[in-house]
Protein chains: 2
Amino acid sequence: MTKSSATKKEDVLREFRVREILDATCRVVARNGFQGATVERVAEEAEIAKGTVYLYFQNKDELFTAAVEQGIQNFTGQVRTQVTEALTPIEKLQRLIEVSLELSDTYRDFFKTLLLERNFLAASPNHPEAAHMLDLYLAHIHFIEEIIQDGVRVGVFRPHNVEASAFVLNEAIRGCFQQRALGLTARPVSEDASILLDLFFNGVLNQHQNHEEPVS
Amino acid sequence: MTKSSATKKEDVLREFRVREILDATCRVVARNGFQGATVERVAEEAEIAKGTVYLYFQNKDELFTAAVEQGIQNFTGQVRTQVTEALTPIEKLQRLIEVSLELSDTYRDFFKTLLLERNFLAASPNHPEAAHMLDLYLAHIHFIEEIIQDGVRVGVFRPHNVEASAFVLNEAIRGCFQQRALGLTARPVSEDASILLDLFFNGVLNQHQNHEEPVS
DNA sequence: CCATAATGACTGTACAGTCAGTCACATGAC
DNA sequence: GTCATGTGACTGACTGTACAGTCATTATGG
């Protein structure tokens with residue numbers, strides 16, 4: 001019992017250290033990009049020695065993979081939780097966009113490189129880990145897809161290629177992240193969210209003048 | 001005269017070599033990512049010695065920057081040319097989407113990494129070149145923006161935040177590139193294009209008065 | 001006082017960038 | 001035609017450096 005408790009305490013400590021290092025990794029990558037992020041600098045940022053990093057991670061690749069994965073899971077997990085609370089598909093999508101954009105502020109460091117430098121999704125030379133990353137990404141899109149599908153089922157959304165629209169919506173949100181990360185917009189998050197929602201719901205066509213000549 | 005002609009010939013030869021090396025760079029990057037792309041491998045791919053690369057480019061960074069820049073300019077240039085031929089804003093957007101997606105096939109190698117590993121837009125440590133890249137990107141979005149703005153002016157598009165919709169459209173297209181690069185879709189390009197167009201024009205809401213036919 | 005965590009000097013390696021040397025070809029003299 | 005000589009494009013072995021990963025040593029706390 002005492003022993004089990006002791007083990008647990010060690011585990012907690014270990015987990016805490018792991019988190020600390022992963023957070024430091026995110027900060028360093030956000031500052032220098034994947035390219036310029038060395039284990040030494042991560043250690044410095046975490047205020048530990050380089051060797052210590054290797055007590056918690058096998059190698060550099062595992063460290064960076066874990067950092068990205070933790071970030072994705074944190075993000076999608078929180079979105080999922082908050083969105084699920086909403087009732088109707090429309091409310092859910094509203095929530096989805098709002099929460100996503102809000103979180104982009106919280107996880108600024110993480111997104112700055114995850115989204116701008118997303119090579120982790122591409123062919124990582126000899127790492128099947130990348131495939132798992134892709135799975136996480138696809139799972140999130142699938143989550144969005146189901147919300148929209150629900151909307152179609154109950155009739156608030158018109159029948160259309162749901163797979164595609166889920167994808168487009170996700171890309172649009174990602175695009176907003178990017179604009180923010182690059183400092184290209186000063187719009188408040190809520191405004192971005194409502195613009196996005198409006199576009200996604202209504203499109204850009206002038207419905208009244210749909211097939212007609214413009215008024216001259 | 002003879003001398004001037006000789007000089008011209010040398011220039012042409014030089015330009016040819018430069019192109020060859022840049023193309024090789026794209027192929028290598030497509031295969032190994034920016035990370036795994038070394039000057040040695042580029043030289044190998046171009047079937048020249050490593051030293052030769054340095055006869056045409058100051059250093060690795062200049063080489064890679066030039067490769068990306070050439071790619072962006074090729075792409076946006078071709079899109080611009082073809083889109084400008086169309087008359088109405090709707091036709092122009094149709095063209096934009098179609099041509100973009102078609103080109104993604106032509107420039108497959110280039111897009112595979114430009115779009116999946118886009119760190120070149122992010123803070124390149126000590127390179128103001130990155131800013132120029134950003135300019136090219138913004139110019140393209142602005143080009144789209146103007147088409148949509150035209151559409152609003154003549155009344156086919158409803159008044160809305162045009163800056164945002166241009167941006168969203170571009171991101172949606174980029175997303176399609178990505179899906180293709182990752183091999184996540186087997187849809188023909190034309191189908192992707194019409195789905196995208198339909199979504200962008202009409203949104204997903206079920207309009208109360210539906211006299212609509214999907215735009216194709 | 002032992003066990004475990006942490007350290008940082010050290011090693012090996014990969015790669016950017018250099019440069020002395022080679023080679024292919026052009027020009028011109030005979 | 002053929003040899004001599006000049007030119008510069010091209011080469012690849014070499015150098016310096018940055019960095020991943022190791023491990024003998026030291027600190028800590030239970």
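To find a chain, count down the sequence lines: A is the first, B the second, and so on, and within it residues start at 1.
Using a 4.0 Å heavy-atom distance criterion, B:Leu55 is classed as a base contact. A:Tyr56 comes within contact range of the sugar-phosphate backbone alone, with a heavy-atom separation under 4.0 Å but no base atom that close.
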Produce the list of close N/O pairs, under 3.5 Å, pairing protein atoms with atoms of nucleotides 20-23 of chain D; give distances to one decimal.
unit_1, atom_1, unit_2, atom_2, d
D:dA20, OP1, A:Lys60, NZ, 3.1
D:dA20, OP2, A:Val39, N, 3.3
D:dA20, N7, A:Lys50, NZ, 2.9
D:dG21, OP2, A:Tyr54, OH, 3.2
D:dG21, OP2, A:Lys60, N, 2.7
D:dG21, N7, A:Lys50, NZ, 3.2
D:dG21, O6, A:Lys50, NZ, 2.8

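In this structure, the CG atom of B:Asn32 is 14 Å from the C1' atom of C:dC15, given to the nearest Å. The distance between atom CD of A:Glu20 and atom C1' of C:dA6, rounded to the nearest whole Å, is 13 Å. One interatomic measurement links the two molecules: CD of A:Glu47 to P of C:dA6, which rounds to 14 Å at whole-angstrom precision. When rounded to the nearest whole Å, the span between CZ of A:Arg14 and P of C:dT4 equals 13 Å.
Nearest heavy-atom pair, B:Val29 versus B:Ala37, reported as atom, atom and distance to 0.1 Å: CG2-CB, 3.9 Å.
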Inset, instruction - With side chain to side chain contact (heavy atoms under 4.5 Å, CB included) as the test, would you mind laying out the steps for A:Arg19 and A:Gln70 before giving the verdict? - result: CA-CA 9 Å; A:Arg19 251 213 145 61; A:Gln70 180 196 255; 3.9 Å; yes
Legend entry - Derivation of the salt bridge (charged side-chain N to carboxylate O under 4.0 Å, His left out) call for B:Arg17 and B:Glu20: CA-CA 5 Å; B:Arg17 264 269 183 278; B:Glu20 249 182 3; 2.8 Å; yes
Inset, instruction - Give the C-alpha distance, both sets of side-chain angles, the deciding distance and a yes or no for side-chain hydrogen bond (donor to acceptor under 3.5 Å, both in side chains) between B:Tyr107 and B:Gln78. - result: CA-CA 12 Å; B:Tyr107 294 107; B:Gln78 284 197 46; 2.6 Å; yes
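Among pairs with a residue in residues 87-98 of chain A, none fulfils side-chain hydrogen bond (donor to acceptor under 3.5 Å, both in side chains), at least two apart in sequence or across chains.
The phosphate of D:dC10 has OP1 or OP2 within less than 4.0 Å of a side-chain N or O from B:Arg17.
Ion pairing between a basic and an acidic side chain is recognised when a charged N comes within 4.0 Å of a carboxylate O; B:Glu171 and B:Arg174 show such pairing.
Residue B:Arg41 has its side chain nearest to C:dC15 when only C:dT7, C:dC15, C:dA6 are considered.
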